[in-house]
Protein chains: 2
Amino acid sequence: MKISTKGRYGLTIMIELAKKHGEGPISLKAIAQANELSEHYLEQLIAPLRNAGLVKSIRGAYGGYILADLPSKITSGDVIRVLEGPISPVEGIEDEEPAKRELWIRIRDAIKDVLDNTTLEDLASHSDDGDSDAYMFYI
Amino acid sequence: MKISTKGRYGLTIMIELAKKHGEGPISLKAIAQANELSEHYLEQLIAPLRNAGLVKSIRGAYGGYILADLPSKITSGDVIRVLEGPISPVEGIEDEEPAKRELWIRIRDAIKDVLDNTTLEDLASHSDDGDSDAYMFYI
DNA sequence: TCTAAAGCCTATCAAATTACTAAGGATTTT
DNA sequence: AAAATCCTTAGTAATTTGATAGGCTTTAGA
């Protein structure tokens with residue numbers, strides 16, 4: 001029941017691009033270094049994001065990537081769907097018996113609600129809060 | 001971002017036990033046959049449920065399993081936590097940078113809210129609804 | 001025009017996880 | 001004693017994950 005590094009690193013890329021939106025293309029190398037990630041691996045993640053039309057690429061020296069739209073217009077759900085597939089706690093909800101189907105639908109809709117209502121602008125804005133609150137991490 | 005067969009089949013077992021609560025022990029064989037699942041595989045799933053104190057076992061002929069508590073007192077969250085681990089969309093939420101940490105916490109809390117407020121009684125009760133509504137299955 | 005910086009593409013691979021299967025032992029009831 | 005059932009350990013094929021390797025193409029700027 002986890003989001004893999006695909007979705008997590010994909011969001012990392014998109015948040016970096018959102019932070020520097022309007023400043024011209026950002027290279028993957030810069031993003032990889034800033035986040036201590038493998039540039040090659042990020043290349044594999046941004047390919048589907050480009051195919052899905054969420055980012056645009058500029059080739060050649062001083063090239064890189066830019067968001068295809070305003071940070072306020074791209075949601076975390078857009079990114080997660082591209083990299084992790086449809087948002088659903090199980091595959092084939094429709095084939096489940098009614099009891100469990102109902103449960104999966106409730107979970108799916110709850111996740112969907114969060115992901116589709118959180119934009120890159122939201123995420124990029126409070127990227128340097130301190131440790132805001134005493135959260136319980138294991139529940 | 002999926003709940004595996006562990007959690008799914010585990011819930012299947014628990015819902016069956018909830019449906020027949022008060023009717024004496026139910027054998028895994030009966031549950032396996034009713035749901036067309038491997039009895040051996042279910043044995044591996046019910047072991048942690050027993051260790052966690054969610055079910056009690058009665059050995060020997062005409063033995064089986066019973067819920068350790070009322071169906072209204074056991075939630076889907078109890079079952080999923082035992083079989084899938086802590087409810088969280090990523091591991092190590094605390095190590096994430098604030099932007100993503102906030103997102104994961106929102107998702108986690110949304111899932112937690114559903115799972116902890118859905119009891120086996122809820123699930124067992126509408127196990128034979130028709131196809132109640134026109135749901136959208138891929139979102 | 002050359003060169004370095006960058007994107008683009010394909011293949012390969014080790015580790016982990018998932019979803020079982022196999023085999024048999026232990027316990028209790030009829 | 002026989003049958004039913006729980007209990008435990010081990011193995012394994014398929015899939016996914018998280019990379020690594022290497023080379024090709026495009027472009028800005030010296």
Side-chain angles (χ1 to χ4, degrees), chain A residues 1-13 16-17 20 23-52 54-68 80 82-86 89-92, chain B residues 1-13 16-17 20 24-68 80 83-85 89-92:
Chain A
M1 186 167 185
K2 300 278 179 276
I3 294 177
S4 72
T5 56
K6 282 190 220 167
R8 304 221 300 277
Y9 297 174
L11 265 181
T12 299
I13 295 171
E16 292 278 349
L17 295 182
K20 313 219 170 156
E23 301 177 22
I26 313 295
S27 72
L28 270 197
K29 189 177 187 178
I31 295 176
Q33 284 176 350
N35 293 275
E36 296 178 272
L37 299 173
S38 150
E39 188 186 345
H40 262 310
Y41 189 39
L42 295 190
E43 278 178 354
Q44 288 172 44
L45 305 184
I46 208 163
L49 294 173
R50 177 172 39 80
N51 292 334
L54 295 179
V55 301
K56 288 177 184 167
S57 63
I58 291 98
R59 299 180 68 157
Y62 297 85
Y65 295 89
I66 56 172
L67 294 184
I80 295 294
V82 166
L83 291 170
E84 304 270 352
V90 300
E91 256 161 56
Chain B
M1 188 169 184
K2 299 277 178 275
I3 294 177
S4 71
T5 57
K6 283 190 220 166
R8 303 219 301 277
Y9 296 174
L11 265 182
T12 300
I13 294 171
E16 291 277 348
L17 295 182
K20 311 219 171 154
I26 312 295
S27 73
L28 269 197
K29 190 176 187 178
I31 295 175
Q33 285 177 349
N35 293 274
E36 295 178 274
L37 299 172
S38 150
E39 186 185 346
H40 264 308
Y41 190 39
L42 295 189
E43 279 177 350
Q44 288 173 42
L45 304 185
I46 207 163
L49 294 173
R50 176 172 39 79
N51 292 333
L54 295 180
V55 301
K56 288 177 183 166
S57 63
I58 292 101
R59 298 178 69 152
Y62 296 85
Y65 294 89
I66 58 172
L67 294 183
I80 296 294
L83 292 170
E84 303 270 353
V90 300
E91 255 160 59

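These numbers come from the heavy atoms of this one structure, side chains and all, not from hydrogens, waters or symmetry mates. In the text below, chain A, chain B and the rest are named by the order of the sequence lines, each starting its count at 1.
Counting heavy atoms from C-beta on, the side chains of B/L49 and B/Y65 never come closer than 4.5 Å.
Atoms CD1 (A/I58) and P (C/dA5) sit 19 Å apart, rounded to a whole Å. We find that CD of A/E39 is positioned 16 Å from P of C/dC9, with the value rounded to whole Å. Counting to the nearest Å, the C1' atom of C/dT27 and the OH atom of B/Y62 are 16 Å from each other. Note: NE2 (A/H40) to C1' (C/dA14) measures 17 Å, nearest angstrom. With rounding to whole Å, A/I31 atom CD1 is found 13 Å from C/dG7 atom C1'. If you measure from atom CG of B/L45 to atom P of C/dC20, you get 10 Å, rounded to the nearest angstrom. In this structure, CZ of B/R59 is placed 14 Å from P of C/dG25, rounded to the nearest angstrom. Between the C1' atom of C/dA6 and the CD1 atom of A/I26 lies a distance of 13 Å, rounded to the nearest Å.
Mapping A/G63 and A/N51 onto DNA chain C via the closest heavy atom, the residue that lands nearer the 5' end is A/G63. Nearest-nucleotide positions on DNA chain D for A/Y9 and A/E43 put A/Y9 closer to the 5' end.
For C/dA5, the OP1/OP2 oxygens have no side-chain nitrogen or oxygen of A/K29 closer than 4.0 Å. Phosphate proximity of C/dT18 to B/T5: absent, as no side-chain N or O sits under 4.0 Å from OP1 or OP2. Between B/S38 and the phosphate of C/dT21, there is a side-chain N or O to OP1/OP2 separation shorter than 4.0 Å. At C/dC8, one or more side-chain N or O atoms of A/R50 fall inside 4.0 Å of OP1 or OP2 (strictly under the cut-off). Under 4.0 angstrom from either OP1 or OP2 of C/dA19 there lies at least one side-chain N or O belonging to B/S4.
The minimum heavy-atom distance linking B/P48 with B/L83 is given by the pair CG-CD2, 3.8 Å. Taking both residues in full, the closest heavy atoms of B/I3 and B/I80 are given as CG2-CD1, 4.2 Å, listed atom of the first, atom of the second, then distance.
Nearest nucleotide to the side chain of A/Y65, out of C/dA22, C/dA5, C/dC8: C/dC8.
For the atom pair CZ (B/R8) and NZ (B/K2), the distance works out to 9.5 Å, reported to the nearest 0.5 Å. The CD1 atom of B/I13 sits 4.5 Å away from the CD1 atom of B/I46 when rounded to the nearest 0.5 Å. Within the model, atoms CG of A/L67 and CG of A/L17 stand 5.0 Å from one another, a figure rounded to the nearest 0.5 Å.
For the pair B/E39 (side chain) and B/L28 (backbone), a donor-acceptor distance under 3.5 Å is absent. A donor-acceptor contact shorter than 3.5 Å is absent between the side chain of B/E16 and the backbone of B/I31.
For a distance-only test at 3.5 Å, the side chain of A/Q44 fails to qualify as a donor-acceptor partner of the base of C/dT10.
Across all strands, A/Y41 comes closer than 4.0 Å to base atoms (heavy-atom distances). Residue-level contact check: A/L28 touches the backbone only, with heavy atoms under 4.0 Å from sugar-phosphate atoms and none from bases.
Reading DNA chain D from its 5' end, the first and the last nucleotide to sit under 4.0 Å from a heavy atom of chain B are D/dA4 to D/dA10.
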